[in-house]
Every structure is written in structure tokens, then in C-alpha cells.
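The sequence lines fix the lettering, A, B, ..., with proteins before strands; numbering per chain opens at 1.
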Number of protein chains: 2
Amino acid sequence: MSTAEETTAGGDERQPWAEVTPEAARRLLVAAVDAFAERGYHATTTRDIAGRAGMSPAALYIHYKTKEELLARISRIGHEKALAILRDAADGEGTAAERLAGAVSSFVRWHAAQHTTARVVQYELEALGEDSRAEIVALRKEVDAQVRRVVREGVEAGEFEVPDAQGATLAIMSLCIDVARWFRVDGRWTPDEVGALYADLVLNMVGAKR
Amino acid sequence: MSTAEETTAGGDERQPWAEVTPEAARRLLVAAVDAFAERGYHATTTRDIAGRAGMSPAALYIHYKTKEELLARISRIGHEKALAILRDAADGEGTAAERLAGAVSSFVRWHAAQHTTARVVQYELEALGEDSRAEIVALRKEVDAQVRRVVREGVEAGEFEVPDAQGATLAIMSLCIDVARWFRVDGRWTPDEVGALYADLVLNMVGAKR
DNA sequence: GCCCGCTCTAAGCGCCCGCTCAGAATCCGG
DNA sequence: CCGGATTCTGAGCGGGCGCTTAGAGCGGGC
């Protein structure tokens, strides 16, 4: 497995929203993440978001033009974080198997540890407006490309044995993303444990020689 | 009739909502499935559902007490169908590997072919009221149990090699369920192809001797 | 042929939504 | 200690929501 914890580019893991300023805007955004993850974008009211941030409903509109802009900002930052995690792992050193295991375990760890954010990022895409959705779709293609690259390299190097590299990549991404749906903090596993378990299962899946 | 296709208990695959009567109630329910899958439960209005069914908004309330009852009915029938599919496969004949492959391919095929229904069934749980949610959660436990049983039997028979049967089961279910999220009718694969691909990947995942 | 019961519609009720705006509070350079 | 910019609040707008109600249309039993 990975050592203790590899550093992940693109932000501090303890303060994921440090780049959002001023502080009131950050408090609103964090409140929105919680509310969107709990109840979904459409079921969340601006009054609820403002309330969680300890402000009046009107305060929201000083920092964000609309409720949708909040979602767009969350989705943007979240996808950039996901891309940074996977790029780091895919660009790292080692065999394709080692890099794939690293990518899966970090990506899964993020989906588990930041599962509220991940839930919004992965499941509220359709609530985005046209413009932000296009931006996000482009980011997602880049995200996919990182994993596909490692899978292809593994196949070419004879490390993996898969009949359909694109299909395998899809399944791997799918497996990781779905962690955000089912992960519970009071459940059976810690984020690290799920990451390790899934890295192992994925190596099996691509027929990596062990 | 279906010859090559295995018959699946719990309803005809071409008319999935045949058990819903009268016809107007079925039309409303099908409209609700489409709308919920497209836009999500909370973003769907009763006017939209009624409009898709070619009726006035008030007509909905002759057949259903509330909008939530529509969701509950859809979720109930969908989960029963899913359970029937997996029970059939798990109770079938053959080695654990054959039964697991059958379970995964049928379950995935359903998630792909009926992806609008599956999307509602799998992603709108939190919109359910307390009572229906409890009922559905019980059904989901039974669904999980079918797959877990086959995995355990495979491990005991020495067919599979997994360090954590529960973890592997979770990953298998997760993989299948997420098909409803990403599957597109105009995409690269047919439901049958995804079913076959995924059955193969899952056998790898559990370390089945090939 | 009449009437009952079922199915449907037109109209609309009360509520809460996203969002606005006028003005109060606060901060800060000079 | 002042004055303008910035950040916030209380009140409330227009509108769409889930759902109700009164009554029209109509098919089947006697």
C-alpha cells in the first residue's frame, strides 16, 4: 500500500475550502455543501443555507449571484481537486499497477473522507446551468483520461489483462464514484480501509499479475 | 416469447408496470418515472407529471394521495423487481461462479435497460417518507443478502479468493447500481454488452479460478 | 330512461420559494 | 473623528408549488 499518506496537490486536506474568501462566503459555501449533500440541490432552500451559516437569507446574495452559482463553485472546486488527486497518482513513479493502486486508493479515500462534497460533485451535475455544466463536463473528461492512461500503459506493458481498456476504466471510475453514495462515517470502514480494499479489488479486476 | 432470454420472475420485461391498474394510474406512474429520472423528485412538479400523462393536475389526486405516494409505489415495485432478479440468479443451478456471473449480468442488464426506473429506485431514496423508507430499506437488505450468499458460497467452495466477503459484496453491488447513473441509450454499449463485461470483471474481482 | 358512481377538469387556496431593496451596522484609510 | 465602501438585516415581491373543491361528463345496472 501507500506509505502513511501521500501529499495531494491542489489544496490542504484539512481545510478544503481555504481558497474561498472572504470568510463569510466560505461559511455559506460550506453550509451549502452540507445542505446539498443531505437533501439535494432542489430540496435545499436559500433560507436553509443562510441559516446554517448563521446569516439572514439576504446575505447570501452579497457573495453569490444565485443559488446555482453556489453549486457551480462547489462543483468546480471539487472537480479540480479530484483531477489533481488523479493526476498526481497517474504521473507518479512506479509500475502501472502501483500507480493504478495509488490512484484508486487516493480517489476512493477522498470520496469517503469528503463524502458530503463528493456527493454534491458527483450527483448534482444535472442541476447546473448550461455554461457551468459544459465547463464541468470538460473537467470530467480530463479526470477519466488520467485513469484510462494508466490502464492502457498497464495493458501495453503486459501488466494487466483486460479485453476492453475503456470498459475497464469506466468500471473503475464507477466503483470509486459510487463510494460517495454509500459511505457512512459510522459505518464498518474508515476511508483508508475502503481505499486499500478497493485498490486491491481493482488490481484483481484488471488481471494484474500479483 | 422470450426464448434465449431467461424469464425473470416478478413481471414481464416489456411491460414493467403491467401490475398497475387502472390504465390512467399506470400512465401517471410511467410519466412520474420519466420525470423523476430526468429532473429528480424534488425538481419535478405534479403539473409536469400530469401533463406528460395527458391529464389535468387534479387527476393525479384521484389515483394517488400525494406526489410522494407515486415515488413510494415506483420504489417498491422497482425494488421487488430487483430482488426477484437476484433471487432467481442466486437460487439457480451451477457453481457459485456461474451464479454470480448470472446475477451480475441480469442485474446490470436491468439497470441499463430500465435505467430511468433504476435511477429513481437507486437515487431518490432520501425523498421517501419515514414509513416507505423503512419498507424499502428492508427490501434492500434482502437484495444485498442474495449476492452476499453467493459470494460466501464461492469462498467456502474454494472458487473465490477474497479477504473480505462483505467488502467484495458491497463493491459488486456498488458497481452494478452505478450503471443506472452513467448508462446512456446512445452510448457505446448495449445492456447485454455491459452485463457481459461486468460479469467478467466481477469474476476477476473475486479472484475466481478461470 | 334514469340515476348512481367513477373519472375527470377549471379554478383557485394557502404557502413558501428565489430573490430584491432600502437602510442600519461595521470597518478602515486619512 | 470623519466619510465612503462594504457587509449585513427586515420586510416583502411576484410567482409557482402541492393539493382541494365544486361540478361536468359518462358508462353500466335495473
Apply side chain to side chain contact (heavy atoms under 4.5 Å, CB included) to the pair B:D178 and A:L175, showing each step before the final yes or no. CA-CA 7 Å; B:D178 199 55; A:L175 202 54; over 6 Å; no
A:R140/A:H79 under side chain to side chain contact (heavy atoms under 4.5 Å, CB included): CA gap, chis, key distance, verdict: CA-CA 7 Å; A:R140 289 180 78 86; A:H79 275 92; 2.9 Å; yes
Pair B:M173, A:W182 - check side chain to side chain contact (heavy atoms under 4.5 Å, CB included), show working. CA-CA 11 Å; B:M173 293 302 292; A:W182 61 259; over 6 Å; no
Side chain to side chain contact (heavy atoms under 4.5 Å, CB included) between A:R109 and A:Q114, worked out: CA-CA 8 Å; A:R109 227 184 302 136; A:Q114 312 293 326; over 6 Å; no
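At whole-Å resolution of the value, CD1 in A:I62 and P in C:dA24 are 16 Å apart.
Applying the ring pair (Phe, Tyr, Trp, His ring centres under 6.0 Å) criterion to B:Y198, with sequence neighbours excluded, gives no partner residue. Looking at residues two or more places apart in sequence or on another chain, you find a salt bridge (charged side-chain N to carboxylate O under 4.0 Å, His left out) between B:E142 and B:R87. In terms of the side-chain hydrogen bond (donor to acceptor under 3.5 Å, both in side chains) criterion, residue partners of B:E23 (sequence neighbours excluded) are, by chain and number, B:R27.
Formation of a donor-acceptor pair under 3.5 Å by the B:R26 side chain with backbone atoms of B:T21 is not found in this model.
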Reading 5' to 3' and counting Watson-Crick or G-U wobble pairs with both distances under 3.5 Å, write the dot-bracket notation for DNA chain D, | for bases paired outside the strand. ||||||||||||||||||||||||||||||
Could you list, one pair per line, each protein nitrogen or oxygen that sits under 3.5 Å from a nitrogen or oxygen of nucleotides 18-21 of chain C, together with the distance?
| from | atom 1 | to | atom 2 | distance (Å) |
| --- | --- | --- | --- | --- |
| C:dG18 | OP1 | A:T44 | O | 3.1 |
| C:dG18 | OP1 | A:K67 | NZ | 3.0 |
| C:dG18 | OP2 | A:T46 | N | 2.8 |
| C:dG18 | OP2 | A:T46 | OG1 | 3.0 |
| C:dG18 | N7 | A:R47 | NH1 | 2.8 |
| C:dG18 | O6 | A:R47 | NH2 | 3.0 |
| C:dC19 | OP2 | A:Y61 | OH | 2.9 |
| C:dC19 | OP2 | A:K67 | N | 2.9 |

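Side-chain contact check for A:Q166 and B:R188: at least one donor-acceptor pair (N or O, by modelled atom type) lies under 3.5 Å.
Close approach of DNA chain D to chain A, defined as any atom under 4.0 Å from a non-hydrogen atom of the protein, starts and stops at D:dC8 to D:dG12.
Using bins of under 30°, 30° to 60° and over 60° for the plane-to-plane angle, the ring pair A:F107/A:W110 lands in the parallel bin.
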